[in-house]
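Presented below is the structure to which this report refers.
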Amino acid sequence: MKGSRSREPEITPDMLLRAYSIGLFPMADSADDPELFWVEPEIRGVIPLDGFHVSRSLAKTLRKRPFEIRYDTAFEAVVAGCARPAPGRPTTWINTRIRALYAALHRMGYAHSVEAWEGDLLVGGLYGVSLGAAFFGESMFSLRKDASKVCLVHLVERLRARGFELLDTQFTTEHLKSFGAIDVPKAEYDLLLARAIASPNLEF
């Protein structure tokens, strides 16, 4: 991974969209660090939409329909859930600047959330950025077993149905690899990105 500290006095939403279009995304060292830096991985995580894998146990969970799935009804609450510490994740990189920037992108129609609900309780979700025919996944959280996994399945189904070409996960983890995520060298990723970005903005 390579990244450089942002020396911009203020990163604007338009600047952020431009960064995504050329393969950059922002991060912070911690939720308490106000500074952001740009990241441009040499190896990029991607979930091929035609190679998405659902395990038998998750398929069984999906058949039970344990959650109501909603889209874009509680975007900032989803980001807040992703920013909270969790077991195995005592700190996150989602600081107040990140939260404000993505809230602005959501108001502009570029950032979206997939949400798992139990009645009036938000129990899991994920969020990301939609640009052209690409969706850039940012983060996810769960308060119930499999809640974020169910959201990811619904995200992939939605992207397929709307003609998206690229689901970017930034990096791969063993968890994401279980869904079919692969590592893509930067040169190959740049070609995938350029093709997806050349598309008119698809409706999420």
Side-chain angles (χ1 to χ4, degrees), residues 1 3 6 11 13 16-17 19-20 24-39 41 44-47 58 61 66-131 134-159 166-179 181 204:
M1 179 180 75
S6 170
I11 297 175
L16 185 51
L17 290 175
Y20 272 104
L24 301 173
F25 57 87
M27 292 187 74
D29 281 328
S30 72
D32 297 325
D33 188 343
E35 189 176 359
L36 301 181
F37 58 95
W38 295 113
V39 181
R44 196 80 168 220
V46 169
I47 295 180
L58 182 56
T61 298
F67 313 112
E68 178 188 355
I69 301 300
R70 305 177 193 170
Y71 301 90
D72 287 342
T73 69
F75 179 84
E76 293 189 44
V78 169
V79 178
C82 293
R84 282 194 296 266
R89 189 184 67 180
T91 61
T92 74
W93 49 268
I94 301 173
N95 64 10
T96 55
R97 290 183 69 192
I98 290 283
R99 292 170 70 163
L101 278 168
Y102 287 85
L105 288 187
H106 176 63
R107 292 191 294 270
M108 295 165 64
Y110 290 101
H112 302 281
S113 58
V114 184
E115 308 147 11
W117 293 83
E118 285 183 347
D120 293 330
L121 182 63
L122 178 66
V123 296
L126 61 82
Y127 77 97
V129 173
S130 173
L131 191 62
F135 188 90
F136 306 89
E138 282 294 320
S139 189
M140 59 178 65
F141 82 101
S142 285
L143 299 180
R144 297 288 186 273
K145 185 177 185 295
D146 289 340
S148 64
K149 293 180 182 180
V150 170
C151 288
L152 180 58
V153 172
H154 281 269
L155 170 67
V156 170
E157 290 176 349
R158 195 172 182 90
L159 297 180
L166 175 63
L167 174 52
D168 179 316
T169 66
Q170 300 178 347
F171 307 104
T172 59
T173 63
E174 290 306 310
H175 172 66
L176 290 174
K177 286 180 180 179
S178 72
F179 288 97
F204 180 81

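Note that the coordinates shown come from a computational prediction; the quantities given were computed from them, not determined experimentally.
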Just one of Leu126, Val153, Asp72, Val150 clears the side chain to side chain contact (heavy atoms under 4.5 Å, CB included) bar with Val114, so which one?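 Only match with Val114 under side chain to side chain contact (heavy atoms under 4.5 Å, CB included): Leu126.
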Looking at residues at least two apart in the chain, or sitting in another chain, which of them share a side-chain contact (heavy atoms from CB on, under 4.5 Å) with [X]?
X      : answer
Lys145 : none
Ala100 : none
Arg158 : Tyr71, Arg162, Phe204

So, using salt bridge (Lys or Arg N to Asp or Glu O under 4.0 Å) as the criterion, who are the partners of Glu68 when residues are at least two apart?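 Glu68 satisfies salt bridge (Lys or Arg N to Asp or Glu O under 4.0 Å) with Arg70 only.
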For Glu76, check salt bridge (Lys or Arg N to Asp or Glu O under 4.0 Å) against everything at least two apart and list the hits.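 For Glu76 there are no salt bridge (Lys or Arg N to Asp or Glu O under 4.0 Å) partners, ignoring immediate neighbours.
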Please report the shortest heavy-atom distance between [X] and [Y], naming the atom on each side.
X      : Y      : result
Thr61  : Pro66  : O-CD, 3.2 Å
Ala31  : Asn95  : O-CB, 3.3 Å
Lys177 : Ala181 : CG-O, 3.7 Å
Glu35  : Arg97  : CA-NH1, 4.2 Å
Glu115 : Ala74  : OE2-N, 2.8 Å
Gly125 : Ser148 : O-CB, 4.4 Å

To the nearest 0.5 Å, how far apart are [atom1] in [X] and [atom2] in [Y]?
X      : Y      : atom1 : atom2 : value
Phe141 : Leu122 : CZ    : CG    : 4.0 Å
Trp117 : Phe67  : CH2   : CZ    : 13.5 Å
Arg84  : Leu143 : CZ    : CG    : 6.0 Å
Ile94  : Leu101 : CD1   : CG    : 12.5 Å
Leu159 : Leu167 : CG    : CG    : 6.0 Å
Leu17  : Met108 : CG    : CE    : 5.5 Å

For His154, enumerate each residue passing the ring pair (Phe, Tyr, Trp, His ring centres under 6.0 Å) test, keeping only those at least two apart in sequence or located in another chain.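 For His154 there are no ring pair (Phe, Tyr, Trp, His ring centres under 6.0 Å) partners, ignoring immediate neighbours.
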Determine whether [X] and [Y] make a side-chain contact, defined as any pair of heavy atoms from C-beta on separated by less than 4.5 Å.
X      : Y      : result
Leu121 : Arg144 : yes
Ile98  : Pro26  : yes
Trp93  : Asp33  : no
Leu155 : Leu152 : yes
Lys149 : Met140 : no

His112 side chain to Gly109 main-chain N or O, any donor-acceptor pair under 3.5 Å?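 Looks like yes, one N/O pair under 3.5 Å.
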When you measure from the side chain of Thr169 to the backbone N and O of Thr172, does any donor-acceptor pair fall under 3.5 Å?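 Checking the backbone N and O of Thr172 against the side chain of Thr169, no donor-acceptor pair under 3.5 Å is found.
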Any idea how Phe171 and Phe25 line up, ring-wise: parallel (<30°), tilted (30 to 60°), or perpendicular (>60°)?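 Aromatic pair Phe171/Phe25 classed perpendicular.
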Test side-chain contact (heavy atoms from CB on, under 4.5 Å) applied to Phe179 and Val156, step by step: CA-CA 11 Å; Phe179 288 97; Val156 170; over 6 Å; no
Name of the residue among Tyr102, Tyr127, Tyr20 meeting ring pair (Phe, Tyr, Trp, His ring centres under 6.0 Å) with Phe136: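 One option only clears the test, and that one is Tyr20.
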